[in-house]
2 protein chains.
Amino acid sequence: MAQEQANSVGTAMAILDIAERLVQQRGFNGFSYADVSAELGITRASLHYHFAGKAQLGEALISRYATRFAASLTDIDTLAAPPIGKLRSYCEIYRGVLAEHRMCLCGMLAAEFDTLPGAVRQAVINFFDQNQAWLSAFLERSSEAGALRLVGPPDRAARTVIAALEGAMLVSRPYGDTAVLDSVTDRIIEEFSA
Amino acid sequence: MAQEQANSVGTAMAILDIAERLVQQRGFNGFSYADVSAELGITRASLHYHFAGKAQLGEALISRYATRFAASLTDIDTLAAPPIGKLRSYCEIYRGVLAEHRMCLCGMLAAEFDTLPGAVRQAVINFFDQNQAWLSAFLERSSEAGALRLVGPPDRAARTVIAALEGAMLVSRPYGDTAVLDSVTDRIIEEFSA
DNA sequence: GTCTATAACGAGATAGAC
DNA sequence: GTCTATCTCGTTATAGAC
């Protein structure tokens, strides 16, 4: 039974892996169950066993993505590095995604926001709120410790950094490289360096 | 005959107006000929008379958008204002779009890039190249005149500004306001102020 | 859990009348 | 230019066998 469950979970995970990449590269309206089916080698009907509909699949996608992202942020928190180094690590999360020719999952969904199922919309908002809350707290803490130059309120700075990184990923896509994102990252680091 | 041509051009323009808004709000993969048809009150077949296929419609969309955008840039050039004021006017182009609950047309298409017809892809790249070329030249010129503080090469600065503005529009969408874009605009103005 | 079969609908596109 | 009619295909989803 443990094995059967493991297979089920394994299949669900494999579906999420493929769907996640497809959404990041093609958008929520740019992929179908047929795409996942062909790549995974099981029928569309079987996909519906694991995820009843595209909306539920979308929710599961963001849920797992947000959990992973939060884990990455916790990793940064526990890093033995100065705040500027941690800020660079934060930027490198985005770089790793773009290097795989992917858009940030929730950045992509933000573009398609008006067409998304209600539950998926809320999950996108929650992701950005969570992301901003962490970055804002990090910037404030680091600034108070004198390890980072922060002008203006931390939540405003956090929103600006997130916007710049998401936008850098977006405009990088047509060119197929990370040049713009690297430029933006350098500027962010300079901006917060004392 | 002049009247007939005027009607034809009028219909084509009306189609472009509706399709442009739909793409900016829902994405290229998030709208259909049926949507335009319903809103304009003519059949899908009639739409195909004016634009043979979705790919051609997409090309026409970007072509008109790029022309209008270029005209806005020329307007800024001829403005009787200091460079910082012109830079603010540039940012306000983006704000006007977002205020109508729209994404930048080419920002939206950049997200969907992998799924676009080849000709549309190239048009998106051309738009960003044109946009960057203007902004880069403007920043360099203004900096040399001492009216603007520019650190690093102008093309790098131009790409960063565009990325920040596009990203600000993107992450603003789920929240339905212009708060993030306004914050980003303020930061850009501060950054280039002497 | 996965399959075959099929339903039900929507999308892009074309032919040909008016 | 716009229409009706039709075609073909893709997409989401369900029923029921194995």
Side-chain angles (χ1 to χ4, degrees), chain A residues 1-23 25-61 109 112 114-121, chain B residues 1-23 25-61 109 112 114-121:
Chain A
M1 195 187 82
Q3 186 58 35
E4 283 163 23
Q5 190 184 38
N7 285 342
S8 172
V9 171
T11 301
M13 277 295 176
I15 293 169
L16 289 173
D17 287 341
I18 293 168
E20 184 179 79
R21 180 179 49 73
L22 287 170
V23 173
Q25 291 177 336
R26 304 177 53 88
F28 193 75
N29 296 322
F31 91 104
S32 72
Y33 269 40
D35 296 323
V36 180
S37 165
E39 194 164 328
L40 188 56
I42 69 174
T43 61
R44 281 158 290 160
S46 295
L47 297 181
H48 281 284
Y49 170 81
H50 295 282
F51 301 98
K54 216 181 170 187
Q56 289 90 333
L57 175 56
E59 289 179 66
L61 236 31
L109 295 175
E112 300 176 294
D114 287 3
T115 70
L116 300 178
V120 177
R121 285 192 202 187
Chain B
M1 195 188 85
Q3 186 60 36
E4 282 162 25
Q5 190 184 37
N7 286 341
S8 174
V9 170
T11 301
M13 278 295 176
I15 293 168
L16 289 173
D17 287 342
I18 294 169
E20 184 178 81
R21 181 178 50 73
L22 287 171
V23 174
Q25 292 178 335
R26 306 177 51 89
F28 193 74
N29 296 323
F31 90 103
S32 71
Y33 269 40
D35 296 324
V36 180
S37 164
E39 195 165 327
L40 188 56
I42 68 174
T43 61
R44 280 158 290 159
S46 296
L47 297 181
H48 281 283
Y49 169 82
H50 296 280
F51 301 97
K54 215 182 171 186
Q56 291 89 332
L57 176 56
E59 288 180 65
L61 236 30
L109 295 175
E112 299 176 293
D114 287 3
T115 71
L116 298 178
V120 177
R121 284 192 204 188

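Chain identifiers are assigned alphabetically (A, B, ...) following the order of the sequence lines, protein sequences preceding nucleic acid strands; residue numbering begins at 1 within each chain.
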Task: Value in whole Å for how far the P atom of D/dG10 lies from CG of A/N29 - done: 18 Å

- [ ] Give one of base, sugar-phosphate or nothing for A/S46, where a contact means two heavy atoms less than 4.0 Å apart.
- [x] base

- [ ] Check whether any side-chain N or O of A/R44 sits under 3.5 Å from a backbone N or O of A/S37 as a donor-acceptor pair, and report yes or no.
- [x] no

Task: B/F28 CZ - C/dA11 P separation (whole Å) - done: 14 Å

Task: Short side-chain N/O contact to D/dG1 OP1/OP2 from B/T11, under 4.0 Å - done: no

Open item on the list: Output the rounded distance in Å from CG (A/L47) to C1' (C/dC3).
Closed with: 12 Å

Open item on the list: Let's see if you can work this out: which of C/dG12, D/dT12, D/dC3 has an atom nearest to the side-chain heavy atoms of B/Y33?
Closed with: C/dG12

TODO: Tell me which residues in residues 48-57 of chain A put a heavy atom below 4.0 Å from DNA chain C, sorted by number, or none.
DONE: A/Y49, A/H50

Task: Closest to the B/S32 side chain, choosing from D/dT12, C/dA11, D/dC3 - done: C/dA11

TODO: Remember a base hit wins even if backbone is also touched, and classify A/A45 as base, sugar-phosphate or nothing at under 4.0 Å, heavy atoms.
DONE: base

TODO: May I have the distance from B/L40 (atom CG) to D/dT2 (atom P), rounded to whole angstrom?
DONE: 8 Å

Open item on the list: Check whether A/Y33 reaches the backbone of A/A45 with its side chain - one donor and one acceptor, N or O, closer than 3.5 Å.
Closed with: no

TODO: Please name the pair of heavy atoms, one in A/N29 and one in A/E112, separated by the smallest distance, quoted to 0.1 Å.
DONE: N-OE2, 3.0 Å

Open item on the list: Looking at every non-hydrogen atom in both residues, tell me the closest pair between B/L16 and B/A60 and how far apart they are.
Closed with: CD2-CB, 3.9 Å

Open item on the list: In whole Å, I'd like the distance from the CZ atom of B/R44 to the P atom of C/dA13.
Closed with: 12 Å

Open item on the list: Would the distance check show the side chain of A/Q56 and the main-chain N or O of A/G53 forming a donor-acceptor pair, the cut-off being under 3.5 Å?
Closed with: yes

Task: Any donor-acceptor pair under 3.5 Å from A/R121 side chain to A/D114 backbone - done: yes

Open item on the list: Please confirm whether the shortest side-chain N or O distance from B/T43 to OP1 or OP2 of D/dC3 is below 4.0 Å.
Closed with: yes

Task: A/K54 side-chain N/O to A/P117 backbone N/O, donor-acceptor pair under 3.5 Å - done: no

